[in-house]
Amino acid sequence: MIQEKLPRAIAAGIINPIPLDLGGNLSLILREAKRAAAEGRQMIFFPELSLCGCGCQDMFLAAGFLSRCEAALLTLMRELPGGLLTGVGLPLLGSDGGVYDCYALLLGGQLIGVEAMRDFPAGPRDFRAATLTPAGGRQITLSVGGRRVTPRALHEVGEVSVAVALDEGALPAQGCDLLVLPRAERFEPLSHVAREAFSCTLSKHLGCCVLRTNLVGCESGEDIFDGLALIATGGSIVAASPLLSFRRSATLALGDGVAGRPEGDELITRAVGLGIFDWVVKTRSRGVVVSLSGGADSALCAVAATA
């Protein structure tokens, strides 16, 4: 059965991108893709906007930046190991002039297909809402390497049917062997528990293998991503990554098992520590200054910065 073999064939790629650093992010993606291919994987999927980072702000609307993102995708297409299906997120220009949050599938130097995020998550401060356009029910095409491509969720790759859902409103009703959930999710305490449970439920309800992946690290000085990647099948998680890793990139595959989870104070301290450390690295700072107000928040930051 295809679904029984899939968990051994797939991998989730996790990267800590730097916004606007297309060359650096591309190098991380290629490193993990080559690692997956060397380990005998046939597919690897990276998170939403992994090629450019989420914190690009107004640059998402700059024509020059969009052209650079498209060029980076074409470079990736050429340099990926042959025979490795790879999913990666980036912004693309639509035929209506809107900029869309997209996910591209690449194989053997070819573009297999593209999906666009249909609806943005509800909630304050969503990094997509200010500059990117939700696809909704719009009839659009996307510009990729001089081609016009219509976004779609379901893709046939050999004998495997792969569905990409960038948002929960675009989940397939049935008919896929592999469901990829690459949406970048901000860290919130215990949000990983809900994502794990939801992925298990989907794998059982849809009768498919579910792969989820997320960015990791701090972007724009305020957004922290927890790096949760997992593979679920038959209602159970068969592989899951560590949370809030300090590594710049990683690959999760079936043999990696299910990592333990920090809890309570350890979880919060690790998130704050990663945020501070990552922001120092990305801004090339020599250290941090913590202004203590006497409240719990500043005290926590001071403890995490010196832990």
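Model, not experiment: these values are computed from the prediction. Residue indices begin at 1 and follow the sequence shown.
Taking CG of Leu93 as the start and SG of Cys102 as the end, the distance is 9.5 Å to the nearest 0.5 Å. Separation of atoms CG (Asn214) and NE2 (His192) is listed at 12.5 Å; rounding is to 0.5 Å. We find the SG-CG distance between Cys52 and Leu73 to be 11.0 Å, quoted to the nearest 0.5 Å. Separation of atoms OG1 (Thr75) and CD (Glu70) is listed at 11.0 Å; rounding is to 0.5 Å. Atom OG1 of Thr86 sits about 4.0 Å away from atom CG of Leu80, to the nearest 0.5 Å. The CG atom of Asn25 sits 10.5 Å away from the CG atom of Leu49 when rounded to the nearest 0.5 Å.
Listed for the Tyr103 side chain is no donor-acceptor partner under 3.5 Å among the backbone atoms of Glu48. A distance-only check finds a donor-acceptor pair linking the side chain of Asp256 to the backbone of Ala253 [under 3.5 Å]. Listed for the Ser161 side chain is no donor-acceptor partner under 3.5 Å among the backbone atoms of Cys176. With hydrogens and angles ignored, the 3.5 Å screen pairs no side-chain donor or acceptor of Asp101 with any backbone N or O of Pro134. Between the Ser249 side chain and the Ile29 main chain, no donor and acceptor come within less than 3.5 Å of each other. A donor-acceptor pair under 3.5 Å links the side-chain atoms of Thr283 to the main chain of Trp279, judged by distance alone. A donor-acceptor pair under 3.5 Å links the side-chain atoms of Arg152 to the main chain of Leu154, judged by distance alone. Side chain of Ser50 to main chain of Val88: no donor-acceptor pair is present (N/O by atom type, distance under 3.5 Å, no hydrogens or angles). With hydrogens and angles ignored, the 3.5 Å screen pairs a side-chain donor or acceptor of Ser203 with a backbone N or O of Cys200. Between the side chain of Thr213 and the main chain of Phe46, no donor-acceptor pair closer than 3.5 Å is present.
With no hydrogens or angles considered, a side-chain donor-acceptor pair links Arg212 and Ser199 at under 3.5 Å. With no hydrogens or angles considered, no side-chain donor-acceptor pair links Ser27 and Arg31 at under 3.5 Å.
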Residues Ile231, Cys209; criterion side chain to side chain contact (heavy atoms under 4.5 Å, CB included); working and verdict
CA-CA 7 Å; Ile231 300 169; Cys209 182; 3.8 Å; yes
Do Leu84 and Ile44 pass the side chain to side chain contact (heavy atoms under 4.5 Å, CB included) test, and can you show the C-alpha distance, the side-chain angles, and the key distance before you say yes or no?
CA-CA 7 Å; Leu84 181 70; Ile44 185 169; 3.8 Å; yes
Quick one, Arg261 with Glu196, criterion salt bridge (charged side-chain N to carboxylate O under 4.0 Å, His left out). Give me CA distance, side-chain angles, the key distance, then yes/no.
CA-CA 12 Å; Arg261 297 282 183 258; Glu196 290 170 338; 2.8 Å; yes
Report the C-alpha separation of Leu132 and Phe127 in whole Å, then their side-chain angles, then the decisive distance to 0.1 Å, and conclude whether the side chain to side chain contact (heavy atoms under 4.5 Å, CB included) test is met.
CA-CA 9 Å; Leu132 299 173; Phe127 58 82; 5.6 Å; no
Is there a side chain to side chain contact (heavy atoms under 4.5 Å, CB included) between Val149 and Leu92? Walk through the geometry before answering.
CA-CA 10 Å; Val149 182; Leu92 290 173; over 6 Å; no
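Put simply, the side chain of Asp58 reaches to within 4.5 Å of the side chain of Thr131, judged on heavy atoms. Residues Pro151 and Arg118 have side chains in contact (heavy-atom distance under 4.5 Å, counting atoms from C-beta outward). A 4.5 Å side-chain heavy-atom check between Pro17 and Leu215 finds at least one atom pair inside the cut-off. Residues Cys54 and Asp223 have side chains not in contact (no heavy-atom distance under 4.5 Å, counting atoms from C-beta outward). The side-chain heavy atoms of Leu105 and Val164, taken from C-beta on, include a pair separated by under 4.5 Å. In this structure, Gln110 and Leu106 have side chains that are not in contact, with every pair of non-hydrogen atoms separated by 4.5 Å or more. Contact of the Leu111 side chain with the Met77 side chain is registered, since non-hydrogen atoms from C-beta on lie closer than 4.5 Å. Leu85 is not listed as a side-chain neighbour of Gln42, based on a closest heavy-atom distance of 4.5 Å or more.
Taking all atoms of both residues into account, the shortest heavy-atom contact from Cys69 to Leu90 is O-CD1, 3.7 Å. Taking all atoms of both residues into account, the shortest heavy-atom contact from Ala229 to Leu252 is O-CD2, 3.3 Å. Residue Val114 comes nearest to Leu142 through the heavy atom pair CG1-CD1, 3.6 Å, listed as atom of the first residue, atom of the second, then distance. Residue Ala250 comes nearest to Glu32 through the heavy atom pair C-OE1, 3.4 Å, listed as atom of the first residue, atom of the second, then distance. The two residues Ile268 and Pro189 come nearest to each other via the heavy atoms CD1-CG, 3.6 Å. Closest approach of Pro182 to Leu166, counting heavy atoms only: CG-CD2, 3.7 Å.
Grouping the Ile, Leu, Val, Met, Phe, Trp and Tyr side chains by contacts below 4.5 angstrom, directly or via other members, places Ile14 with Leu243. Phe225 and Ile18 are assigned to two separate hydrophobic clusters, defined by single-linkage of ILVMFWY side chains at heavy-atom distances under 4.5 Å. The cluster map of Ile, Leu, Val, Met, Phe, Trp and Tyr, joined by side-chain heavy atoms under 4.5 Å apart, puts Leu20 and Leu26 in the same cluster.
Between Asp226 and Arg195, at least one side-chain N (NZ, or NE/NH1/NH2) sits under 4.0 Å from a carboxylate O, which counts as a salt bridge. A salt bridge links Glu185 to Arg183: one of the charged nitrogens lies within less than 4.0 Å of a carboxylate oxygen. Salt bridge absent: Arg186 and Glu219 never bring a charged side-chain N and a carboxylate O closer than 4.0 Å. Ionic pairing of Lys34 and Glu79 is not present here: no N-O contact between side-chain nitrogen and carboxylate oxygen is shorter than 4.0 angstrom.
Ring to ring, Phe277 and Phe246 are close: their centroids are under 6.0 angstrom apart.
The list of salt bridge (Lys or Arg N to Asp or Glu O under 4.0 Å) pairs with a residue in residues 270-296, not counting sequence neighbours, reads Arg248-Asp278, Asp278-Lys282.
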